[in-house]
Amino acid sequence: MENLAQTKVGQIVAQNYRTAQVLTKYGIDFCCRGGISLQEACQQHNILLETLITELETAAEQSDDRDYSSMSLTNLVQEVVDVHHKYVRITIPALQTYLEKLAKVHGERHPELHEIKQEFSEAAEALTDHLQKEELILFPYIKAMEEAQEKGYPLSRPHFGDIDNPIRMMEEEHDTEGERFRKIAGMSDHYTCPPDGCQTYRVTYALLQEFETDLHEHIHLENNLLFPRAQQLFTDFSFK
């Protein structure tokens, strides 16, 4: 955790996953906007750099059972699918039901609920398609590359040409959904239930916030850990 001020925020989380909670607390996007330095992030969010560094170093010292950086690509892919893809698929129907109910009951007094419902509906459709493309096209090839390298098998070039092509598409879709949830957070006053909100209102906003947090972690694992390693393996590979 040396020279943190000039280290990219995405790299900080890649080095130690525990730091994600600290950055999230201060509203710093370490996934889609993880390419800026910690110092730049502090300037953008008006945060005292020394304070943030202290908190990051404290978080980094805590034990972390999930050492993603040492996982094989196959295990990292499986982690993404079993944890984050599963979470998205399970949570989308519940959130759509809650948002539909909120818009009907509270939409007249809180018209932003209609916009939030629409934005989430579009996110649900886009993410469902996104997960399928990863699981059917990109992820199987990443796993095949690693197995071929380990066992000395020959491997043909993929039908998509260069692995940068699907990865670039996935990253663009990550950016789109990251921006969409920044919009949802803004419309919901960062998931703050209004005084006249019911229990369903509070639960829905809490679940939306959890969904965004999981999405950030999901995107981070792919953008900052899985994809760069897959690209390097592809570059090093000798195709038949």
Side-chain angles (χ1 to χ4, degrees), residues 8-11 13-15 17 20 29-35 66-93 95-96 119-183 211-212 214-240:
K8 294 179 180 179
V9 293
Q11 185 180 350
V13 179
Q15 291 173 349
Y17 193 74
D29 184 350
F30 56 84
C31 54
C32 299
R33 298 184 177 181
R66 298 174 297 178
D67 184 7
Y68 296 124
S69 62
S70 65
M71 282 185 180
S72 68
L73 289 176
T74 297
N75 287 343
L76 192 52
V77 163
Q78 208 58 48
E79 175 78 10
V80 169
V81 172
D82 290 347
V83 176
H84 299 288
H85 285 200
K86 182 179 179 181
Y87 174 84
V88 169
R89 290 187 170 112
I90 288 175
T91 311
I92 279 176
L95 266 172
Q96 287 181 315
E119 289 291 339
F120 185 79
S121 177
E122 292 176 10
E125 182 177 354
L127 284 169
T128 299
D129 182 58
H130 177 86
L131 304 189
Q132 187 172 24
K133 285 185 287 188
E134 288 186 334
E135 291 175 12
L136 296 181
I137 300 171
L138 179 58
F139 287 178
Y141 192 78
I142 290 175
K143 293 163 72 173
M145 275 199 306
E146 185 169 66
E147 183 178 8
Q149 183 197 47
E150 290 175 352
K151 298 183 178 180
Y153 293 161
L155 189 67
S156 300
R157 283 190 175 272
H159 70 276
F160 46 72
D162 193 297
I163 202 168
D164 285 349
N165 295 327
I167 285 178
R168 189 180 304 112
M169 179 183 294
M170 295 303 99
E171 289 177 335
E172 288 174 357
E173 292 177 2
H174 289 167
D175 289 345
T176 297
E177 297 315 309
E179 184 59 41
R180 193 193 309 277
F181 271 88
R182 279 188 285 275
K183 185 176 179 180
F211 194 96
E212 183 185 24
D214 181 83
L215 186 64
H216 284 177
E217 294 173 356
H218 176 180
I219 292 173
H220 161 69
L221 287 180
E222 294 185 3
N223 283 11
N224 297 324
L225 290 172
L226 178 62
F227 292 167
R229 288 177 57 193
Q231 287 169 313
Q232 185 60 55
L233 180 56
F234 185 88
T235 300
D236 296 341
F237 213 89
S238 296
F239 294 97
K240 67 177 182 178

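These numbers were taken from a predicted model, which means no experiment stands behind them. Counting begins at 1 with the first residue of the sequence.
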Rounded to the nearest 0.5 Å, what separates atom [atom1] in [X] from atom [atom2] in [Y]?
X	Y	atom1	atom2	answer
Asn223	Asp175	CG	CG	7.0 Å
Leu127	His218	CG	NE2	8.0 Å
Glu134	Ile137	CD	CD1	10.0 Å
Leu73	Glu147	CG	CD	12.5 Å
Ser72	Ile142	OG	CD1	11.5 Å
Asn165	His159	CG	NE2	10.0 Å

Compare all side-chain heavy atoms of [X] with those of [Y] and state whether any distance is below 4.5 angstrom.
X	Y	answer
Phe139	Leu226	yes
Gln11	Asn224	no
Leu233	Ile163	no
Met169	Leu138	no

Describe, in one word, how the ring planes of Phe211 and Phe120 are oriented to each other, choosing from parallel (under 30°), tilted (30 to 60°) and perpendicular (over 60°).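 Geometry flag for Phe120 against Phe211: perpendicular rings.
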Considering only NZ, NE, NH1 and NH2 on the basic side and carboxylate oxygens on the acidic side, decide whether [X] and [Y] come within less than 4.0 Å.
X	Y	answer
Glu146	Lys143	no
Glu135	Arg89	yes
Glu171	Arg168	no

Just checking Gln132: does its CD atom have more than 12 heavy atoms from other residues, nucleotides or ligands closer to it than 6.0 angstrom?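 No, not enclosed.
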Would you say that more than 12 heavy atoms from the other residues, nucleotides or ligands in this model lie under 6.0 Å from the CD of Glu122, or not?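 Result for CD/Glu122: enclosed.
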Would you sort out whether His130 and His174 count as a side-chain hydrogen bond (donor to acceptor under 3.5 Å, both in side chains), showing the intermediate values? CA-CA 9 Å; His130 177 86; His174 289 167; 3.1 Å; yes
Looking only at non-hydrogen atoms, find the nearest pair between [X] and [Y] and report the distance.
X	Y	answer
Gln96	Ser121	NE2-CA, 4.3 Å
Ala123	Phe181	CB-CE1, 4.1 Å
Ala126	Glu177	CB-OE2, 3.5 Å
Pro93	Ile90	CD-O, 3.4 Å
Ala148	Leu155	CB-CB, 4.2 Å
Tyr141	Pro158	OH-CD, 3.2 Å

Check: Asp29/His216 side-chain N/O donor and acceptor closer than 3.5 Å: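 Result is no, nothing qualifies.
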Quick check, are the ring centers of His220 and Tyr68 under 6.0 angstrom apart?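 Between His220 and Tyr68, the centre distance exceeds or equals 6.0 Å.
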Who are the salt bridge (Lys or Arg N to Asp or Glu O under 4.0 Å) partners of Glu173, not counting sequence neighbours?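 Per chain and number, Glu173 pairs via salt bridge (Lys or Arg N to Asp or Glu O under 4.0 Å) with Lys133.
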